[in-house]
Amino acid sequence: MAKGKSWLRTLIELLEVFFNSSQKSQRGRTWHQHVVPYEEGWAVRREGNKRITSKHRKQSTAIRKAKSVARKYKADVIIHRANGGIRDRISYDD
């Protein structure tokens, strides 16, 4: 019975450490910019936002816009393919 209690106590302590460390690592919202397919073209969307920042006919134009915002806030640009998968990631975190 003593072994059962110590095993349970160890498990509880591990869970407490895990939850406490995960709460400390939450940084809030980021400024990462996603270039995503949108209607008949492409859009730039801030990570975590439902609304788009801007929409463009060409992916290259959307990438240029996303890069300018990411540079300003030292964030990343995540470029998606037409099917939604991630194609590339550019980091401006100095």
Side-chain angles (χ1 to χ4, degrees):
M1 193 86 165
K3 281 187 177 182
K5 286 184 179 179
S6 68
W7 178 84
L8 183 59
R9 172 56 43 203
T10 303
L11 180 62
I12 291 171
E13 289 172 0
L14 284 172
L15 289 172
E16 287 174 349
V17 168
F18 172 77
F19 285 118
N20 289 336
S21 67
S22 69
Q23 288 176 352
K24 291 177 187 174
S25 68
Q26 291 177 351
R27 313 185 310 183
R29 294 185 59 198
T30 66
W31 280 93
H32 300 319
Q33 302 295 310
H34 289 256
V35 176
V36 296
Y38 181 77
E39 293 176 354
E40 296 296 316
W42 294 87
V44 177
R45 177 178 291 153
R46 180 178 171 186
E47 190 168 284
N49 275 4
K50 292 180 181 176
R51 292 185 350 203
I52 62 169
T53 303
S54 59
K55 55 185 174 181
H56 309 272
R57 280 184 273 148
K58 295 162 69 174
Q59 187 184 39
S60 60
T61 311
I63 292 170
R64 205 168 31 251
K65 174 66 176 176
K67 283 180 176 181
S68 69
V69 175
R71 269 190 221 104
K72 182 178 178 181
Y73 293 103
K74 296 182 180 177
D76 294 353
V77 175
I78 298 96
I79 303 167
H80 293 259
R81 291 187 169 92
N83 68 4
I86 294 176
R87 183 185 95 182
D88 197 10
R89 183 179 192 119
I90 304 166
S91 180
Y92 290 100
D93 185 22
D94 293 337

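Residues: numbered from 1 along the sequence shown.
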> Looking at CD1 of I63 and CG of D88, how far apart are the two atoms once the value is rounded to the nearest 0.5 Å?
Replying inline: 8.0 Å

>> Do T61 and W42 have side chains that approach each other closer than 4.5 Å (heavy atoms only, starting at C-beta)?
In response: no

> So, for V77 and A70, which heavy atoms are closest and what is the spacing to 0.1 Å?
Replying inline: CG2-CB, 3.5 Å

> Rounded to the nearest 0.5 Å, what separation is found between the CZ atom of R45 and the OG atom of S54?
Replying inline: 11.0 Å

>> My understanding is that only one of Q33, H34, H32 makes a side chain to side chain contact (heavy atoms under 4.5 Å, CB included) with R46; could you say which?
In response: Q33

>> Could you measure the distance from the CG atom of D93 to the OH atom of Y73? Nearest 0.5 Å is fine.
In response: 15.5 Å

>> Give me the atom names and distance for the closest heavy-atom approach of A82 to P37.
In response: O-CG, 3.5 Å

> Hey, which of R87, R81, H80 is the one that makes side chain to side chain donor-acceptor pair (under 3.5 Å) with Q59?
Replying inline: R87

>> Quick check: closest heavy atoms across D76 and Y92, and the distance to 0.1 Å?
In response: OD1-N, 4.0 Å

> Within the side chain of R57, is there an N or O that forms a donor-acceptor pair under 3.5 Å with the backbone of E40?
Replying inline: no

> Who else is in the cluster with I78 when I, L, V, M, F, W and Y are joined by side-chain contacts under 4.5 Å?
Replying inline: I86

> Can you name the nearest heavy-atom pair linking T10 to S6, along with the distance?
Replying inline: OG1-O, 2.7 Å

>> Is any side-chain heavy atom of H56 closer than 4.5 Å to one of V44?
In response: yes

